[in-house]
Q: 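What follows is a structure written as C-alpha cells; I'll ask about it next.
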Amino acid sequence: RVLKEAKRVLKPRGRIVISTPNMSFFVYRWHYFKTGELPNTEGHIGPIWKSGHIRFFNKKLLSDLLTKVGFNITRLEGTSKFLPDILASIILLEAQVMK
C-alpha cells in the first residue's frame with residue numbers, strides 16, 4: 001500500500017529512493033542459520049523498534065516488488081562495491097514512476 005500511495009502522489013517520472021537491510025548479507029544469513037531468528041537490524045533498544053523490520057528484502061525481492069507496483073528501477077546497489085549481494089548490509093534503490 002505504501003508504494004502504491006507513493007506512486008500515486010509522485011509527479012510523472014517522479015522518483016523514490018529506498019534503503020533497507022539486505023537479507024542476503026552473509027552476517028544476517030549466518031545469524032538466521034545459527035539462531036533460527038531474523039536478525040535485529042535496527043540498533044535501537046526502545047520498545048518501538050523491538051521487533052525490527054517487519055519484512056526483509058534482498059535485491060531481487062525489492063526490485064520485483066517495485067516493478068509490480070509500476071516503478072522502473074533506475075539504480076540498485078549495495079553498500080559494498082565488492083560482491084554487493086552478500087557483502088552489503090544495506091540495499092540502496094532508486095526507482096522512477098513508469099510513464
Side-chain angles (χ1 to χ4, degrees):
R1 284 191 235 155
V2 170
L3 293 174
K4 286 181 181 179
E5 180 64 7
K7 182 183 173 209
R8 186 186 73 78
V9 300
L10 283 170
K11 294 179 180 181
R13 300 184 58 83
R15 296 179 186 273
I16 187 170
V17 176
I18 297 174
S19 169
T20 187
N22 176 16
M23 197 53 203
S24 293
F25 180 43
F26 79 98
V27 172
Y28 297 158
R29 286 182 181 208
W30 177 252
H31 176 82
Y32 184 74
F33 174 75
K34 196 169 85 175
T35 67
E37 297 177 359
L38 293 172
N40 178 0
T41 59
E42 292 298 332
H44 299 281
I45 300 173
I48 293 174
W49 301 106
K50 185 177 180 184
S51 63
H53 283 264
I54 296 170
R55 301 279 184 266
F56 285 85
F57 297 97
N58 60 28
K59 283 182 167 184
K60 180 173 179 0
L61 289 172
L62 190 58
S63 178
D64 289 351
L65 177 63
L66 272 105
T67 302
K68 182 179 177 181
V69 173
F71 284 93
N72 181 36
I73 309 303
T74 55
R75 186 174 179 186
L76 177 60
E77 59 187 59
T79 52
S80 170
K81 298 294 181 192
F82 181 73
L83 296 173
D85 289 346
I86 61 170
L87 296 181
S89 62
I90 302 291
I91 297 169
L92 305 168
L93 179 141
E94 178 186 62
Q96 187 173 39
V97 176
M98 289 185 190
K99 294 180 187 178

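Residues take their numbers from the sequence shown, with the count starting at 1.
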Q: With rounding to the nearest 0.5 angstrom, report the CZ to OG1 distance, Phe25 to Thr79.
A: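 Result: 7.5 Å between the selected atoms.
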Q: Ring-plane angle category for Trp30 and Phe33, please: parallel below 30°, perpendicular beyond 60°, tilted otherwise.
A: tilted
Q: Sequence neighbours left out, what passes salt bridge (Lys or Arg N to Asp or Glu O under 4.0 Å) with Arg8? Give chain and number order.
A: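 Per chain and number, Arg8 pairs via salt bridge (Lys or Arg N to Asp or Glu O under 4.0 Å) with Glu5.
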Q: Report the C-alpha separation of Leu62 and Ile73 in whole Å, then their side-chain angles, then the decisive distance to 0.1 Å, and conclude whether the side-chain contact (heavy atoms from CB on, under 4.5 Å) test is met.
A: CA-CA 10 Å; Leu62 190 58; Ile73 309 303; over 6 Å; no
Q: Check residues 81-97 and write down every donor-acceptor pair under 3.5 Å in which the side-chain atom is one partner and the other belongs to a residue at least two apart or another chain.
A:
{"residue": "Lys81", "atom": "NZ", "partner": "Glu77", "partner atom": "OE2", "Å": "3.1"}
{"residue": "Asp85", "atom": "OD1", "partner": "Lys59", "partner atom": "NZ", "Å": "3.4"}
{"residue": "Glu94", "atom": "OE1", "partner": "Thr74", "partner atom": "OG1", "Å": "2.9"}
{"residue": "Gln96", "atom": "NE2", "partner": "Arg13", "partner atom": "O", "Å": "2.9"}

Q: Could you pull out all donor-acceptor pairs under 3.5 Å where a side-chain atom in residues 63-72 meets a protein atom, sequence neighbours excluded?
A:
{"residue": "Asp64", "atom": "OD2", "partner": "Lys60", "partner atom": "NZ", "Å": "2.7"}
{"residue": "Thr67", "atom": "OG1", "partner": "Ser63", "partner atom": "O", "Å": "2.9"}

Q: Which pairs pass salt bridge (charged side-chain N to carboxylate O under 4.0 Å, His left out) with one or both residues in residues 20-33, sequence neighbours excluded?
A: none
